[in-house]
Amino acid sequence: MAQSQGWVKRYCTAFCKGFFVAVPVAVTLLDRVACVARVEGTSMQPSLNPGGSRSPDVVLLNHWKVRNFEVQRGDIVSLVSPKNPQQKIIKRVIALEGDIIRTIGHKNRYVRVPRGHIWVEGDHHGHSFDSNSFGPVSLGLLHARATHILWPPARWQKLESVLPPERLPLLSEQDTLR
């Protein structure tokens, strides 16, 4: 009897030690390195959720890629909604700071993206709440960059940074420096 109690005590001690090491490591990885998220809605169709709500995509969000606010035109990013801080949205980066962009339905036909901001849009223009609604987004709201589709298995793929040719900036800050 004493021998079985000793085994239980050793097991509980080992479990607790492992638990108190594993939980902080897991939380740190999920908070600082990467996590997964389900993409809901139609704003990023056809890139994400081409089947609509019947088969939502699950994507890998890489926090490490945006830690220094290094994003490129065409990247699909997760960010805190400028209108609802409790909500995260996923959009494509269309323009970087200093770029002049032709908007789609924004109050101004042309916008120069201010320093420390980006212009984001959904791929499904008629069904997206994006910078055309709320303007340029502060880089401080960046959460992560979507790098891969993990679910459904038939759609496993790396997400490429592709900017539709019709959404290229009219003038970029690099053009003005030349």
Side-chain angles (χ1 to χ4, degrees), residues 22-99 101 104 113-169 172-174:
V23 168
V25 169
V27 168
T28 301
L29 286 173
L30 292 173
D31 188 48
R32 299 287 178 205
V33 179
C35 64
V36 295
R38 187 175 65 192
V39 178
E40 297 174 349
T42 61
S43 72
M44 286 302 292
Q45 285 180 343
S47 299
L48 300 173
N49 286 349
S53 60
R54 66 179 165 81
S55 61
D57 286 345
V58 174
V59 295
L60 177 67
L61 296 177
N62 188 327
H63 300 287
W64 198 256
K65 294 271 189 186
V66 298
R67 70 187 180 284
N68 294 324
F69 308 115
E70 296 169 6
V71 292
Q72 302 173 25
R73 290 177 200 90
D75 285 351
I76 298 176
V77 296
S78 167
L79 50 123
V80 176
S81 170
K83 295 295 183 184
N84 179 1
Q86 305 303 316
Q87 180 183 28
K88 291 207 174 67
I89 58 176
I90 190 161
K91 303 293 175 200
R92 186 177 302 278
V93 176
I94 300 297
L96 305 173
E97 61 182 35
D99 291 352
I101 189 79
I104 303 172
V113 180
R115 185 169 212 80
H117 289 72
I118 55 176
W119 188 270
V120 296
E121 294 179 356
D123 289 352
H124 196 182
H125 295 298
H127 298 85
S128 180
F129 184 65
D130 54 28
S131 286
N132 288 298
S133 303
F134 46 72
V137 177
S138 171
L139 286 170
L141 296 178
L142 270 179
H143 175 250
R145 180 174 153 220
T147 58
H148 295 82
I149 296 175
L150 303 176
W151 192 263
R155 292 192 26 81
W156 284 351
Q157 62 184 294
K158 183 176 194 279
L159 291 169
E160 301 296 331
S161 295
V162 179
L163 188 60
E166 68 275 6
R167 298 307 298 142
L168 288 171
S172 70
E173 191 167 86
Q174 294 154 349

Undergrad: With the side chain counted from C-beta on, respond yes when Ile90 and Ile76 share a heavy-atom pair under 4.5 Å apart, and no when they do not.
TA: yes
Undergrad: Would you check if Ile94 and Asp130 make a side-chain contact, meaning some heavy-atom pair closer than 4.5 Å?
TA: no
Undergrad: Can you name the nearest heavy-atom pair linking Pro82 to Ile89, along with the distance?
TA: CD-CD1, 4.3 Å
Undergrad: Does Asp75 pair with Lys65 as a salt bridge, N-O distance under 4.0 Å?
TA: no
Undergrad: Without swapping roles, check the side chain of His127 against the backbone of Thr42 for a donor-acceptor pair under 3.5 Å.
TA: no
Undergrad: Among Met44, Gln45, Arg155, whose side-chain contact (heavy atoms from CB on, under 4.5 Å) with Pro50 holds?
TA: Arg155
Undergrad: So, taking the atom named CD1 in Ile101 and the one named CZ in Arg167, what distance separates them when rounded to the nearest 0.5 Å?
TA: 4.5 Å
Undergrad: Roughly how far apart are Lys91 NZ and Ser78 OG, rounded to 0.5 Å?
TA: 11.0 Å
Undergrad: Side chains of Leu48 and Leu159: closer than 4.5 Å at any heavy-atom pair?
TA: yes
Undergrad: I'd like to know if the side chain of Trp151 and the backbone of Asp57 have a donor-acceptor N/O pair within less than 3.5 Å.
TA: no
Undergrad: Test your reading of the model: is there a side-chain donor-acceptor pair from Asn49 to the backbone of Gly41, 3.5 Å cut-off?
TA: yes
Undergrad: State, to 0.1 Å, how close Gln72 and Leu96 come at their nearest heavy-atom pair, and which atoms those are.
TA: C-CD2, 4.4 Å
Undergrad: Report yes if some heavy atom in the side chain of Arg92 is under 4.5 Å from a heavy atom in the side chain of Ser47; otherwise report no.
TA: yes
Undergrad: To the nearest 0.5 Å, what is the distance between CG (Leu60) and SG (Cys35)?
TA: 7.5 Å
Undergrad: What's the separation between atom OG1 in Thr147 and atom CD in Glu160, rounded to the nearest 0.5 Å?
TA: 10.5 Å
Undergrad: Above 12 or not: heavy atoms from other molecules or residues under 6.0 Å from CZ of Arg38?
TA: no
Undergrad: Do Ile149 and Val59 have side-chain heavy atoms sitting under 4.5 Å apart?
TA: yes
Undergrad: Specify the closest pair of heavy atoms between Ala144 and His63, including all atoms of both residues, with the distance to one decimal.
TA: CB-ND1, 3.7 Å
Undergrad: Working to the nearest 0.5 angstrom, can you tell me the gap between Leu61 CG and Arg145 CZ?
TA: 11.5 Å
Undergrad: Grab the two heavy atoms, one from Glu121 and one from Ser128, that are nearest each other, plus how far apart they are.
TA: C-OG, 4.4 Å
Undergrad: Does any non-hydrogen side-chain atom of Arg115 lie less than 4.5 Å from one of Glu97?
TA: yes
Undergrad: Find the distance between CG (Leu79) and CG (Leu141) and round it off to the nearest 0.5 Å.
TA: 6.5 Å
Undergrad: Quick one: closest heavy-atom pair of Val137 and Ser131, and the distance?
TA: CG2-OG, 3.8 Å
Undergrad: Would a 4.5 Å heavy-atom cut-off, applied to side chains only, mark Val66 and His143 as touching?
TA: no
